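Note that these values count all heavy atoms, side chains included, but never hydrogens, waters or copies made by symmetry. Note that the coordinates shown come from a computational prediction; the quantities given were computed from them, not determined experimentally.
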Amino acid sequence: MRQFSVSVYANENLVLSEVLGKLEDEFPLLSISVYGNSLAHTSLSTATNEYDVLPAGMISGGDVLLVLSDPKDDMEVLAQFEGDIVDFTGAMTGEDVYRIEEPIAYLINAVQIKPEDMDAVALLPAAVFGKSGVDDMISQTRELFTFTNSETKVFEERLPFNLFFSDANTGFLSGFRQKIMSETGVDADIRMGAISTGFVLDLYFKKDVNKDFGYITESVGFVPTMADICARKRPVTVFRSKNRLSIAGDYINIIGLQITDAFKDIIGE
């Protein structure tokens, strides 16, 4: 097998670190370079490698371009890439683009049930808003015990020991809810709790469903905590009855899973 070269574009390291680790484990022969203006001239370490992040303008070619962050001002540079593109942002277009779905939308679509035959409720982690969301959750938790307040990046209301609810048209979760609706046809009730990367998706079916859901096949009787679920090697844990499916897992892990599947398709494994 020939060695493939991969250019990874990212402007924050929350998803980046996890994805690099998965690519190293799954494809040890990949030659990986990392680019991104916000992280340029910094170093990033994984369990096996260290990467010097270069400015996006230095992307000059390669077999695969992995886009993890909104290109914004770098779109002109990325648009010139001539190889296969794996895109988590929805910004890239073309025949050779492998689109990575938002994890909640990905899982709803994976059950292959008509949208009108199901209802959905999703409990989201702070990671939906990237590193800024996780940073806010951590700093707000710390502030509760030190009786201080500092400027937030995402959450105007305090997230720790709280639960945010969504409305279809107003509030900071409305855009996410509309995105899920546009990608799945399901108007999911979205909530956000003080969890960094774990999520729970409850799907309620309007009639008994006794079928194989394809990719989502693992069922368990009991798992005690979200931490236990996120620590498992499998991407999701499934709790199932004849008219309900509850899917729990690590949000970033679902992104990484789709990316490694795309690379397997490109490389031919």
Side-chain angles (χ1 to χ4, degrees), residues 1-40 42 44 46-110 112 127 130-131 179 182-184 214-216 235-236 250-269:
M1 180 185 297
R2 74 178 181 89
Q3 187 179 57
F4 280 74
S5 60
V6 180
S7 298
V8 181
Y9 175 86
N11 284 317
E12 64 170 48
N13 58 17
L14 180 66
V15 176
L16 175 61
S17 298
E18 179 78 15
V19 168
L20 288 175
K22 284 188 176 295
L23 291 178
E24 292 166 357
D25 290 341
E26 293 274 351
F27 313 102
L29 296 181
L30 286 181
S31 174
I32 302 174
S33 300
V34 183
Y35 303 86
N37 287 334
S38 297
L39 298 175
T42 64
L44 177 68
T46 64
T48 57
N49 286 307
E50 182 169 327
Y51 300 89
D52 293 323
V53 184
L54 304 172
M58 296 183 66
I59 297 176
S60 58
D63 298 300
V64 186
L65 172 64
L66 172 57
V67 183
L68 295 177
S69 299
D70 187 348
K72 296 181 180 178
D73 297 335
D74 297 319
M75 188 65 196
E76 184 175 347
V77 174
L78 300 189
Q80 297 175 7
F81 190 84
E82 296 182 351
D84 291 297
I85 298 175
V86 180
D87 178 30
F88 178 54
T89 69
M92 310 302 293
T93 59
E95 294 182 358
D96 297 324
V97 175
Y98 291 74
R99 184 172 178 271
I100 304 304
E101 293 183 272
E102 192 288 323
I104 300 299
Y106 170 75
L107 292 168
I108 291 175
N109 288 330
Q112 298 179 351
K131 186 176 184 298
K179 176 181 174 65
S182 67
E183 295 184 5
T184 67
Y215 183 80
I216 306 172
V236 295
D250 185 283
Y251 189 85
I252 297 176
N253 196 12
I254 302 301
I255 299 171
L257 169 72
Q258 294 182 74
I259 289 172
T260 55
D261 282 349
F263 271 78
K264 288 176 183 178
D265 191 28
I266 292 169
I267 293 173
E269 291 194 0

Student: Could you tell me the separation between the CG atom of L54 and the OG1 atom of T42, rounded to the nearest 0.5 Å?
Tutor: 9.5 Å
Student: Using a 3.5 Å distance criterion without hydrogens, assess whether the side chain of N13 forms a donor-acceptor pair with backbone atoms of L16.
Tutor: no
Student: Of the non-hydrogen atoms in P28 and D25, which two are nearest, and what is the gap between them?
Tutor: CD-O, 4.1 Å
Student: Answer with yes or no whether the side chains of T260 and E26 bring together a donor and an acceptor at under 3.5 Å.
Tutor: no
Student: Does D63 have any salt bridge (charged side-chain N to carboxylate O under 4.0 Å, His left out) partners at least two apart in sequence or in another chain, and if so, which?
Tutor: R2
Student: Quickly, which of L30, L29, D84 forms a side-chain contact (heavy atoms from CB on, under 4.5 Å) with I267? Name it, please.
Tutor: L30
Student: Evaluate the side chain to side chain contact (heavy atoms under 4.5 Å, CB included) criterion for residues V34 and L39: first the C-alpha distance (whole Å), next the side-chain angles of each, then the deciding distance (0.1 Å), finally the verdict.
Tutor: CA-CA 9 Å; V34 183; L39 298 175; 5.8 Å; no
Student: When you look at CD of E50, are more than 12 heavy atoms from neighbouring residues, nucleotides or ligands closer to it than 6.0 Å?
Tutor: yes
Student: For residues 250-258, which side-chain N or O atoms pair as donor and acceptor with protein atoms under 3.5 Å away, sequence neighbours left out?
Tutor:
residue, atom, partner, partner atom, Å
D250, OD1, I252, N, 3.0
D250, OD1, N253, N, 3.0
D250, OD2, T197, OG1, 2.7
Y251, OH, E102, OE2, 2.4
N253, OD1, K22, NZ, 2.7
Q258, OE1, E101, N, 2.9
Q258, NE2, E101, O, 2.9

Student: Could you measure the distance from the CD1 atom of I85 to the OH atom of Y9? Nearest 0.5 Å is fine.
Tutor: 13.0 Å
Student: If I take atom CD from residue E18 and atom OG1 from residue T46, how far apart are they, to the nearest 0.5 angstrom?
Tutor: 11.5 Å
Student: Using side-chain heavy atoms (C-beta onward) and a distance below 4.5 Å, is V8 in contact with Y51?
Tutor: no
Student: From L23 CG over to I32 CD1, what is the distance, rounded to the nearest 0.5 angstrom?
Tutor: 5.0 Å
Student: Flag the pair K264 / F27 as yes when at least one side-chain heavy-atom distance between them is below 4.5 Å, and no otherwise.
Tutor: yes
Student: Do you know the tightest heavy-atom contact between A262 and I100?
Tutor: CB-CD1, 4.4 Å
Student: How far apart are the closest heavy atoms of Y35 and P55, and which atoms are they?
Tutor: CD2-O, 3.4 Å
Student: Quick one: does M92's side chain get under 4.5 Å of R99's, heavy atoms only?
Tutor: no
Student: Which heavy atom of E183 sits nearest to which heavy atom of A105, and what is that distance?
Tutor: OE1-CB, 3.3 Å
Student: Testing the 3.5 Å rule here: is there a donor-acceptor pair between the side chains of D74 and N37?
Tutor: yes
Student: Could you pull out every donor-acceptor pair under 3.5 Å between side chains of residues 64-71 and any protein atom, sequence neighbours left out?
Tutor:
residue, atom, partner, partner atom, Å
S69, OG, N11, N, 2.8
D70, OD1, K72, N, 3.2

